[in-house]
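This is a predicted model, so every value here is computed, not measured. Computed from heavy atoms alone, side chains included, the values below leave out hydrogens, waters and symmetry copies.
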Amino acid sequence: MDQPMRMKNNGQISITLNSQKRNELSKVTPDSQKVVPKIIPPEHTALKEIEEELGALVGMEDMKRMIKEIYAWIYVNKKREEMGLKAEKQALHMMFKGNPGTGKTTVARLIGKLFLKMNVLTKGHLIEAERADLVGEYIGHTAQKTRDLVKKALGGILFIDEAYSLGRGGEKDFGKEAIDTLVKHMEDKQHEFVLILAGYSREMDYFLSLNPGLHSRFPLVIDFPDYSIDQLMEIAARMLKDREYVLSHEAEKKLKGHLMIIKTALSPSGFSNGRYVRNIIEKSIRAQSMRILMQNSYDRHELLTIRSNDLVFEEE
C-alpha cells in the first residue's frame, strides 16, 4: 500500500495528498502509537494563524498535515540549537506536482507567510515566474535574467509554474542555461530563499532527469490531486458565500451535472479544477446582474440567488 509520505534513497520526502489512504491507515494504527496531540499549545500563534487560512481551503488534508510537520521540524530544531544539540539547516526547496487549479500557488503563498512568521525567511513574499521570465534571447542573457529573478526572491519564495518547459528545447535551448543557473543559486543561497517548481506530474518527473544535481535539491516533493465533484461543489458554495450569493436548488443540480460531464469529457490535464469553478461563478454573477437589471426588480431574495438560467459555462 502506498504511504502518504515516504523517504526516498536520495533523501527526498514524497507526499501524496490522499486523505482516504491516510484514513485507512489510521484505522489499523494502535492507539498506543498515536502520541501526537491534536491540540496545539497556545504559544504557537504562527501555526494557528496559518491553520485558520488553511481551513478556508477545500480538501488538501495531507497538505495541512505536512505544513504542521514542517513547522514542528523547524521549531524543534531551534529548541535543539538552544540546548547545544546538532541542528543542521535543511534546504526547504519544494516541487509541486499536479494539474491546473489544484491550489499550488495558494499553498506556496501560505508557506511564505508561515516561514516569515518563523523567521525562516526575512520577507516571505512570493515571486511568480514562468519560462519567459527566465529564458533570454542570446547566450548569457538567460543567466542574467535568472540571477535577477533570484535576487528579487531573496527573503521569500520563487515559484516557477510549468517549470518543465525549461527543458523542452533540447541541449541548445537557453532553458538549460536557466536550469543550471537555478541549481547554482539553490546551492549558494539555499537558506536565503525557497524555490518551488510546479507543473504536471509526468512532465516534472522528466524535468528532474535533465540535470543530475536537480533531483537531490528538492527535499519536499508534493502531489496535488484533482478535486472530486463534491469538493468542486464545496468550492463553488464557499465562493458564493464569500460574495453573499446562494445557488437555487435547480442551479445547484445543473452545476453539479455539468461538472460531472465536463470532468469526464476533458483530460485530467485539460480540466482546470478550482479555477474552472471560479470562472463559472464570476460569469454567472454577471449574468444574474444583467437579468435583474432587465427585470427592474430588486427583491432581496433575487439579489442573493443565482438561478439555473444564470449559470454560464465556459464552452457557451
Side-chain angles (χ1 to χ4, degrees), residues 4 16-24 26 51-65 96-107 109-110 161 198-202 222-295 297-316:
T16 302
L17 307 187
N18 189 328
S19 57
Q20 182 179 352
K21 288 186 179 181
R22 181 169 174 79
N23 290 338
E24 289 171 357
S26 65
E51 276 199 312
E52 287 178 8
E53 294 195 54
L54 286 169
L57 302 178
V58 174
M60 294 195 279
E61 297 307 317
D62 284 329
M63 167 59 72
K64 296 167 186 176
R65 174 185 56 83
F96 289 0
K97 302 196 298 187
N99 291 322
T102 49
K104 297 186 292 295
T105 308
T106 301
V107 169
R109 193 171 285 111
L110 288 177
D161 201 10
Y200 300 121
S201 297
R202 185 180 298 176
I222 303 157
D223 292 318
F224 285 71
D226 291 337
Y227 289 110
S228 68
I229 297 297
D230 287 342
Q231 286 175 329
L232 291 170
M233 290 299 293
E234 187 179 347
I235 289 171
R238 291 192 186 194
M239 287 180 179
L240 288 165
K241 184 179 180 181
D242 288 343
R243 296 164 172 80
E244 291 194 338
Y245 289 93
V246 293
L247 290 173
S248 71
H249 180 67
E250 288 302 317
E252 188 175 338
K253 284 173 55 179
K254 183 178 178 181
L255 177 58
K256 188 170 186 177
H258 170 77
L259 290 173
M260 291 175 69
I261 292 169
I262 202 73
K263 201 170 185 295
T264 304
L266 293 177
S267 65
S269 61
F271 179 64
S272 57
N273 286 278
R275 196 178 306 155
Y276 185 86
V277 171
R278 185 186 66 225
N279 289 341
I280 289 176
I281 296 303
E282 289 175 351
K283 290 177 181 178
S284 300
I285 287 174
R286 293 196 295 270
Q288 184 244 34
S289 299
M290 180 58 71
R291 172 176 63 79
I292 291 176
L293 183 72
M294 297 301 291
Q295 291 173 348
S297 175
Y298 304 101
D299 173 75
R300 176 180 172 81
H301 181 70
E302 282 302 309
L303 290 170
L304 286 169
T305 306
I306 302 292
R307 302 201 172 277
S308 60
N309 57 335
D310 296 325
L311 292 175
V312 179
F313 301 135
E314 289 196 2
E315 71 272 17
E316 296 174 0

Rounded to the nearest 0.5 Å, how far does [atom2] of [Y] lie from [atom1] of [X]?
X	Y	atom1	atom2	result
Arg275	Ile280	CZ	CD1	13.5 Å
His301	Ser248	NE2	OG	8.0 Å
Met233	Ile229	CE	CD1	9.0 Å
Leu304	Asp299	CG	CG	9.0 Å
Ile285	Leu311	CD1	CG	10.5 Å
Leu232	Ile262	CG	CD1	12.0 Å

Problem set entry | Basic-acidic side-chain contact under 4.0 Å: Arg238, Glu234 | yes
Is there a donor-acceptor contact under 3.5 Å from the side chain of [X] to the main chain of [Y]?
X	Y	answer
Gln231	Ser228	yes
Thr102	Gly98	no
Asn273	Pro100	yes

Pairwise side-chain contact, [X] with [Y], heavy-atom cut-off 4.5 Å (strictly under):
X	Y	value
Met239	Glu282	no
Val107	Ile222	no
Leu255	Phe313	yes

Problem set entry | salt bridge (Lys or Arg N to Asp or Glu O under 4.0 Å) against Arg109, all qualifying residues, sequence neighbours excluded | Glu128
For this session: Mind checking side chain to side chain donor-acceptor pair (under 3.5 Å) for Asp161 and listing every partner two or more places apart, or none if nothing turns up?
Result: none
Identify the heavy atoms of [X] and [Y] that sit nearest to each other, and give their distance.
X	Y	value
Glu53	Leu110	OE1-CD2, 3.2 Å
Ser201	Lys97	OG-CB, 3.6 Å
Lys64	Leu57	NZ-O, 3.1 Å
Phe96	Lys104	CE2-O, 3.5 Å

Exercise. Checking side-chain contact (heavy atoms from CB on, under 4.5 Å) for the pair Ile235/Arg278: CA distance, chi angles, key distance, verdict?
Worked result: CA-CA 8 Å; Ile235 289 171; Arg278 185 186 66 225; over 6 Å; no
For this session: Check side-chain contact (heavy atoms from CB on, under 4.5 Å) between Gln288 and all other residues, then give those that pass, not counting sequence neighbours.
Result: Tyr245, Arg291, Ile292, Ile306, Asp310
Problem set entry | side chain to side chain contact (heavy atoms under 4.5 Å, CB included) partner of Ser308, the single match among Lys253, Lys254, His249 | Lys254
Exercise. Hey, is CD on Glu244 packed in by over 12 heavy atoms from elsewhere, all under 6.0 Å?
Worked result: no
